[in-house]
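Values reported hereafter were calculated over all heavy atoms of this structure, with side chains retained and with hydrogens, waters and symmetry mates removed. Because the structure is a prediction, the values reported are computed rather than measured. Residue numbering restarts at 1 for every chain, and letters A, B, ... go by the order of the sequence lines.
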Amino acid sequence: MGKLILEVDKVTLTFKGIAALVSVSFNIPAGKIVSLIGPNGAGKTSMLNCISGRYTPDRGSIRFLGENILHLPPYKRARLGIARTFQNIALFKGLSVLDNLMVGRHSHLQYGLFSSFFYFGKTKREEETHRLRVEEIIDFLNLSPYRHKIVGSLPYGVQKRVELGRALALEPKLLLLDEPMAGMNLEETEDMARYILDINEDWKTSILLVEHDMGVVMDISDEVVVLDFGQVLATGTPEEIQKNPQVIAAYLGQEDSLFLGR
Amino acid sequence: MKADKCGLFFESYGQENQIFPSPVQKTCLGAFLLFLLIVPFILDSYYLSLFNLIFIAVIGAVSLNLITGICGQISLGHGAFMGVGAYATGYFMNLGINFFEALLLGGLVASLVGIVFGLPSLRLKGIYLAIATLAAQLILEYVFLHWDSVTGGSNGLALDAPAIFNFYFDNDLKMFYLLFFFALISTLAISNLMRSKYGRAFVSIRDFYLSAEVIGINLFQYKLYAFGISSFFAGIAGGLAAVYAMYITPEQFGIHLSISYLAMIIIGGMGKIIGSVFGAVFITLLPEFLSIVSQHLSAFFPDISTYLLGLKEGIFGLILILFLIFEPEGLAHRWHLIKAYFKLYPFAH
């Protein structure tokens, strides 16, 4: 068992008495792809929000590289190396693709306010060095035809890719993906799955994936965590999860595993 | 340029990141700036004073556009922030500090006041923030009127003509160059800021503050930066207005000023630097245009000038509404379309 990048320990989250998460625990080993699945309302997005800092759990702890991050505001967690994408596209619609990705570099840019007024020396140099990193991501995600396009005018599938690119620009150690394949056709889904695998292999980025497309989840995950009504129902490799009778009964509500296998 | 090029090609990121990347743009801008340098010698002082008012309005409008158009934090207190700059500049000049330093200090005081009144922006959004900044406007107006020892109360504050090394800017011609200089560097500084991480962070806060936060932007810090920078330049604009008029009274910086600056950025184009410039020109020239029209019409209708000037506010409102309906993206958008047309001429697409 290698190093753990994220340890979620007995996290409980309630909204006005309604429990969204009940004592949820799971780990993400460094360099692995872990998927979080479960029916609608199971608490998957709430879990991501707890990790990225949008929600603060009532109890429990979340440790990133061994350090408790619950007291940190979202922007500091981003600086530690946690990036995420959103279920509904959350891009900066008035900026170009390039600028959206450059916003992702924000915490890597060191120059100060004063030199920005002159756009000279350090500011100019840093902008250009980081532009180079962003161009690598643009190449990787095949976004070059859209580089200078305003994001709001782009098709859905491309916007999803831009959002992935923006998260990548942060150079995260842990990438949280909230339904990256939602609303995509088969071809786009396969492209996205390939990108996720490549990100994991090339940059050794650990990934927490929330996704409804079971084919993809079972294909690319190293480990699967099943949530149901805010509780962890099962944890295991895709094969174990597919065979788990509890999961089949509770989550799928049908006896054959047609849905799980592909 | 080589003959085999058709269009703009960049060989480095630096080239591409320029504010004016194309040689045509640079030539046009150069010609325009040259024109502005020469034009005062041709015009009489009435037209010069219009130019001077436009220069001041440009700084004010660009700075309001930074906070409202670019960072998305609506401000109804911009006129008062200009007033803070004006009074602070006047106060420091009357203490015997030279003009340049007094203006800078005035900007800094305005910036601090802007930051203080920007504090609610962390919690308040949209219409609620508008009300909070409106409160700032009213509080500051009250302070202008009643803090007699500093502001002179309702008597106002008289100033000397600004001087740099015993060179007095004491007429419209000399003021023209001074104001032109400040309008140019302020616009340039904010344009530069827009292509840095600060500008991108401001737009990201406007467009989707939730994802701005998870991408590593400290919302509170950057909103206050936006308020601070915007109020700094507002303070500079106010200070310049003060030394230009050589007299400050509280009425100059009332709510009407905040509203007319908002009108400038709406008519010019929210979030566009060039739009603020167009808006400033438009709103400053509008009353002049109305008086010219009424003069010509008075040959046929002798009483019309009294009516038309009385209707000034109404016409102002009407134009604003017409812009919101027919050109919601402002003059900057129209400018963009005109440029595109000439770029493609004689082809339609």
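- Counting heavy-atom neighbours within 6.0 Å of B/Tyr128 OH, excluding the residue itself, gives a total of 12 or less.
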Please lay out, stage by stage, how A/Arg166 and B/Ser211 fare under the test side-chain contact (heavy atoms from CB on, under 4.5 Å).
-> CA-CA 10 Å; A/Arg166 187 182 65 186; B/Ser211 49; 3.4 Å; yes

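- Distance check, rounded to the nearest 0.5 Å: OG of B/Ser196 to CD of A/Glu126 gives 11.0 Å.
- The pair A/Arg131-B/Glu16 meets the salt-bridge criterion, with a side-chain N (NZ, NE, NH1 or NH2) lying under 4.0 Å from an Asp/Glu carboxylate O.
- For A/Ile82, the part lying near chain B is the backbone, with the side chain staying farther off; criterion is any non-hydrogen pair under 4.5 Å.
- Residue A/Arg79 touches chain B through its side chain alone, counting heavy-atom pairs closer than 4.5 Å.
- In this structure, the portion of B/Ile229 lying under 4.5 Å from any heavy atom of chain A is its side chain and not its backbone.
- Contacts between A/Phe118 and chain B at a heavy-atom distance below 4.5 Å involve the backbone alone (N, CA, C, O).
- For chain B, the option among A/Ala90, A/Ala78, A/Gly104 with the highest count of heavy-atom pairs below 4.5 Å is A/Ala90.
- Shown here for B/Ile215 and A/Ser107, the closest heavy-atom pair between the two residues is O-OG, 4.4 Å.
- Residue with the most contacts toward chain B among A/Gly112, A/Ser115, A/Gly152: A/Gly112 (heavy-atom pairs, distance under 4.5 Å).
- Within 6.0 Å of OH on B/Tyr177 lie more than 12 heavy atoms contributed by other residues, nucleotides or ligands.
- A 6.0 Å sphere centred on NZ of A/Lys93 holds more than 12 heavy atoms belonging to other residues, nucleotides or ligands.
- Across every non-hydrogen atom of A/Glu127 and B/Arg195, the tightest pair is OE1-O, 3.6 Å.
- In terms of heavy-atom proximity, A/Val103 sits nearest to B/Ile217 at CG1-CD1, 3.7 Å.
- Within the model, atoms OH of A/Tyr119 and CG of B/Asn17 stand 4.0 Å from one another, a figure rounded to the nearest 0.5 Å.
- Taking NZ of B/Lys197 as the start and CD of A/Gln110 as the end, the distance is 6.5 Å to the nearest 0.5 Å.
- The two residues A/Ile89 and B/Phe208 come nearest to each other via the heavy atoms O-CE1, 3.8 Å.
- Put simply, CZ on A/Phe117 and CG on B/Leu188 are 11.5 Å apart, with the number rounded to the nearest 0.5 Å.
- Around the CZ atom of A/Phe15, the shell of radius 6.0 Å holds more than 12 heavy atoms that belong to other residues, nucleotides or ligands.
- Looking only at heavy-atom pairs under 4.5 Å with chain B, the residue among A/Lys76, A/His148, A/Arg125 that has the most is A/His148.
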Can you give me every donor-acceptor pair (side chain of residues 59-68 of chain B, partner residue at least two apart or in another chain, under 3.5 Å) with its distance?
unit_1: B/Ser63; atom_1: OG; unit_2: B/Ile59; atom_2: O; d: 3.1
unit_1: B/Ser63; atom_1: OG; unit_2: B/Gly60; atom_2: O; d: 2.8
unit_1: B/Ser63; atom_1: OG; unit_2: B/His78; atom_2: NE2; d: 2.9
unit_1: B/Asn65; atom_1: OD1; unit_2: B/Gly271; atom_2: N; d: 2.8
unit_1: B/Asn65; atom_1: ND2; unit_2: B/Gly269; atom_2: O; d: 3.3
unit_1: B/Asn65; atom_1: ND2; unit_2: B/Lys272; atom_2: O; d: 3.0
unit_1: B/Asn65; atom_1: ND2; unit_2: B/Ser276; atom_2: OG; d: 2.8
unit_1: B/Thr68; atom_1: OG1; unit_2: B/Gln73; atom_2: O; d: 3.3
unit_1: B/Thr68; atom_1: OG1; unit_2: B/Ser75; atom_2: N; d: 3.3

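- Here the straight-line distance linking atom OH of B/Tyr222 with atom OH of A/Tyr75 works out to 10.5 Å at 0.5 Å rounding.
- Here A/Leu132 is the residue among A/Thr123, A/Leu170, A/Leu132 with the most heavy-atom pairs under 4.5 Å with chain B.
- In terms of non-hydrogen atom pairs under 4.5 Å with chain B, the most contact-rich of A/Gly53, A/Ala169, A/Pro172, A/Gly94 is A/Gly94.
- The two atoms that bring A/Leu113 and B/Tyr198 nearest to each other are N-OH, 3.0 Å, heavy atoms only.
- Interface summary for chain B: among A/His130, A/Glu163, A/Glu128, A/Lys124, the most heavy-atom pairs under 4.5 angstrom belong to A/Glu128.
- Heavy-atom contacts from other residues, nucleotides or ligands closer than 6.0 Å to CZ of B/Phe100 number 12 or fewer.
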Evaluate side-chain contact (heavy atoms from CB on, under 4.5 Å) for B/Val214 paired with A/Arg54, printing each intermediate quantity in order.
-> CA-CA 8 Å; B/Val214 297; A/Arg54 180 91 198 107; 5.9 Å; no

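- More than 12 heavy atoms of other residues, nucleotides or ligands sit less than 6.0 Å from atom NZ of B/Lys26.
- Counting non-hydrogen atoms of neighbouring residues, nucleotides and ligands closer than 6.0 angstrom, the NE2 atom of A/His108 exceeds 12 such neighbours.
- Residues B/Asp207 and A/Leu95 share a closest heavy-atom pair of OD2-N, 4.0 Å.
- No more than 12 heavy atoms of other residues, nucleotides or ligands lie within 6.0 Å of CH2 in B/Trp335, so this atom counts as exposed by the packing criterion.
- In this structure, chain B has heavy atoms under 4.5 Å from both the backbone and the side chain of A/Tyr111.
- Heavy atoms of A/Leu91 lying under 4.5 Å from chain B belong exclusively to its backbone.
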